2 protein chains.
Amino acid sequence: MSEIRQSSPRRGTNLPRMGDFNLTVILDAIRRTSGGLSRVELAQIVGLSPQTISNISRRLLDQNLIVEAGKEGSGPGKPRTILRLNPKGMYAVGVHLDPAVTTFVVMDLVGSVVQHARIDTPGGNDPSAVIATIAAQVARVVEESGVDQDRIAGLGVAAPGPIDLDNGTVVDPPLLPGWDRVELRNALSEATGYSVLVDKDVTSAAVAETWAGGPSGAGSFVFMYMGTGIGCGIVLNDEVIRGTSGNAGEIGHIMVDPDGPPCDCGLRGCVKSSCIPQVLVAEAEAAGILNGTRPGNSGAEVQQSFARLCELADSGDERAMAIIDKSATLVARAISVVTNTLDVERVVFGGPFWSGMADRFLAKVPPLLEANSAARLIHPIEVVGTGVGEDVGAIGAASLVLEHTLAPRAQRLLLEN
Amino acid sequence: MSEIRQSSPRRGTNLPRMGDFNLTVILDAIRRTSGGLSRVELAQIVGLSPQTISNISRRLLDQNLIVEAGKEGSGPGKPRTILRLNPKGMYAVGVHLDPAVTTFVVMDLVGSVVQHARIDTPGGNDPSAVIATIAAQVARVVEESGVDQDRIAGLGVAAPGPIDLDNGTVVDPPLLPGWDRVELRNALSEATGYSVLVDKDVTSAAVAETWAGGPSGAGSFVFMYMGTGIGCGIVLNDEVIRGTSGNAGEIGHIMVDPDGPPCDCGLRGCVKSSCIPQVLVAEAEAAGILNGTRPGNSGAEVQQSFARLCELADSGDERAMAIIDKSATLVARAISVVTNTLDVERVVFGGPFWSGMADRFLAKVPPLLEANSAARLIHPIEVVGTGVGEDVGAIGAASLVLEHTLAPRAQRLLLEN
DNA sequence: TTAGGGGTAACCGTGTCTGAAATCCGCCAG
DNA sequence: CTGGCGGATTTCAGACACGGTTACCCCTAA
């Protein structure tokens, strides 16, 4: 429905916008503090007067977005009333459209998944059939979740890039034949009746981290999405960076290995050609570590083989270890490029392939990153794995809606139209 | 003085902030339209009501930031009163602290330089002596410019990185021995009495483009600063990206040539080791194209030699052409990494070494960038040379002050403290 | 019971935006 | 030469959100 990105020239702001913005600021403060906050604490944190906090709290209570949850009295005086997010206050539906599987979640306000479904992405090259299937499945998960329709803020879709954010279209993604400039947003909006937001899978994952990832989703970070490909989502000062057309985070052609295999871009040792799971699996098969029974082109097969490779590495197979560790080194080089370009304070790993490699990467990557950091004398770079889990894509898709509705984006203040 | 970057958690906003912000929005709209704007046009552009525009216009007129400049009547009705920036309404002083030369400018509101000076950066490793020299020279250029002290909004300093934005310090830059964590901001503030902003040279250059660069300084772009080193300044949606500590834009270790020379980072063919002017000059000397009389380590010598190399290339020397063209190819690869990561719409070249290579780069880089662009099906990437000229650093430094005071940054809306 | 802190209500003031109405200005028809 | 016209701009209330103050109630520990 509404646009995600802003259009120049910059537009002014007015009173109602300000009120709404302050509301989201307070909600954000509550959201980011595990255990909730009292009104006095809020006043101190967001800098508004106690009255204003009181007024806005009432609005939030009326909207059922927060609840009063007990009291906390340390010394004398009236104990503070703790305000907490009301998980049942708002829900969003998220769809991760992956070439192999499509995942559906219904997520509540605190980022918990209340309903979950997964189907094989229908093959063929008829997007409209896929869209119909998605719409039907969305209706089903909502039905099964038992959530009141009125409480569902909208539907978010995470799609593989490239996308066109302005039109909500998917533009010719490599692994979805026939999907050239499909108007995903409009079609789904019409088919489901929800307001729909489409974004790139890696961006969605980053949004998932800001919304459901706890403290590691605050401030400035890069979300490294380890999927069929490797991409990143970028968050600077708590705001998601999407780029002109929503395609930020394309790092597949960062060169990381001068002695690497040739890439379709004409160079050698790009991320895409030297450290994505498919390549590692192929390497392992070529070296006889894995018995390559099939071509292994399908997503599911690669995922299985890669899981086996990771198991081998964890159980001490030196050759498997070498493959994973080398990929960690190469990925770290790519990340260095991004962190040095953007000077972020944190790198968050995640995605469907992450869990298997987590231990080795978390041991290997931080020192490499630190050594290559241009700002290492000023601040360290934290490296963590996401707490969001394997469904980051779908959870991120749902988070897109909540973020768009409830996050204190500066954008919200600006007039539209 | 005041901070440039924001600190989480996000704080609320209030009425006065809103008013100030809208004022900057209107000023920004006027600034970006050559020929000025009438009130009605402004109302349409920024989305505020004509009344509000009128009120704010009066404030701006009272502050002498804008002037009424003639009328424009097309048909019947009262002709529109054109509002234009008043160049003499505000000034800023900019200092570009480069290891070789230090440049000073006094700049007016429209980005014109009204006074200019250049001195050799004092050698030795006593920063305090350098700071004293700078302070004295600042006083002199202001004196010579004849500008009223009250109209000077502040002093901006562009320094080589790494820097620590929070403290306004320069942290151990490679070419300034003895400058480890020098409190440049505080020292200069005390010595000159102005409010001082310190930022990285490449960031300053990007800010110069937004402020004094005309249409190429709008929207989202990357400013490629071709100096002793190569770095970039990043602007997304009209807001400068500085990173956690102000060190964004470090691209020196992006690998661009798998067969390139070894780099101090342990890899091969980094930007820093394969396409900065010093390397190209050395290559040319080794090949006998330039007669390498001296080691050529000093900045001035490299600049001269490089200028000669560019002249040779322009006059048809095939070997010189090859060197420049190859460096264009390599630089284009690095830019591709950045543009794909950030999905920007424009690349702006500039910096002290730019003019010599401009023609060849502008012919060579765009098609390479286009070919490697992940979003090439959605939008093109514009490539232009800056209109700001050789003093981007100093002009950018001055622009830092104007940007901080007058640009409609979302930051401005947020409460502090 | 008292002291002290949390939270709400009520009021006024300030500053901003919005909407309606009045004013201003130059062209143009008569 | 003059009055009407239409668009630009300003004036004049409202509406609204926050800031500050005061009063008041609530609650708990001492």
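Lettering of chains follows the sequences in order, A, B, ..., and the numbering in each one begins at 1. This is a predicted model, so every value here is computed, not measured.
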Could you state the atom-to-atom distance from [atom1] of [X] to [atom2] of [N] in whole Å?
X	N	atom1	atom2	value
Glu68(B)	dC25(C)	CD	C1'	13 Å
Asp20(A)	dC17(C)	CG	C1'	15 Å
Asn55(A)	dG19(D)	CG	P	10 Å
Phe21(A)	dC16(D)	CZ	C1'	18 Å
Arg80(A)	dG4(C)	CZ	P	17 Å
Arg17(B)	dC18(D)	CZ	C1'	13 Å
Met18(A)	dT18(C)	CE	P	13 Å
Gln44(A)	dG6(C)	CD	C1'	14 Å

Less than 3.5 Å between a donor and an acceptor, one on the side chain of Gln51(A) and one on the base of dT21(D), is that the case here? yes
Which distance, rounded to the nearest 0.5 Å, do you find between the CG of Asn22(B) and the CG of Asn55(B)? 11.0 Å
Quick one: CG on Asp238(A) to CZ on Arg32(A), what's the gap to the nearest 0.5 Å? 4.5 Å
Run the salt-bridge test on Asp164(B) and Arg185(B) with the 4.0 Å N-O cut-off and return the result as yes or no. no
Whichever of Ser54(A) and Pro16(B) has the more 5' nearest nucleotide on DNA chain C, that residue is Ser54(A)
On DNA chain C, does the nearest nucleotide to Arg59(B) precede the nearest nucleotide to Ser38(A) from the 5' side, or the other way round? Give the residue. Ser38(A)
Phosphate OP1/OP2 of [N] contacted by [X] side-chain N/O (<4.0 Å):
X	N	result
Thr81(B)	dT9(D)	yes
Thr52(B)	dT18(C)	yes
Arg39(B)	dA8(D)	no
Arg58(A)	dT8(C)	no
Asn22(B)	dC17(C)	yes

What's Thr13(A) touching, base or sugar-phosphate or nothing? Going by heavy atoms closer than 4.0 Å. sugar-phosphate
Between Arg84(A) (side chain only) and Gly35(A) (backbone N and O only), is there a donor and an acceptor less than 3.5 Å apart? yes
Distance-only, no hydrogens or angles: does the Arg80(B) side chain make a donor-acceptor pair with backbone N or O of Leu37(B) under 3.5 Å? no
Taking only the side-chain heavy atoms of Asn14(B) (C-beta and beyond), determine which of dT18(C), dT10(D), dC18(D) contains the nearest atom. dC18(D)
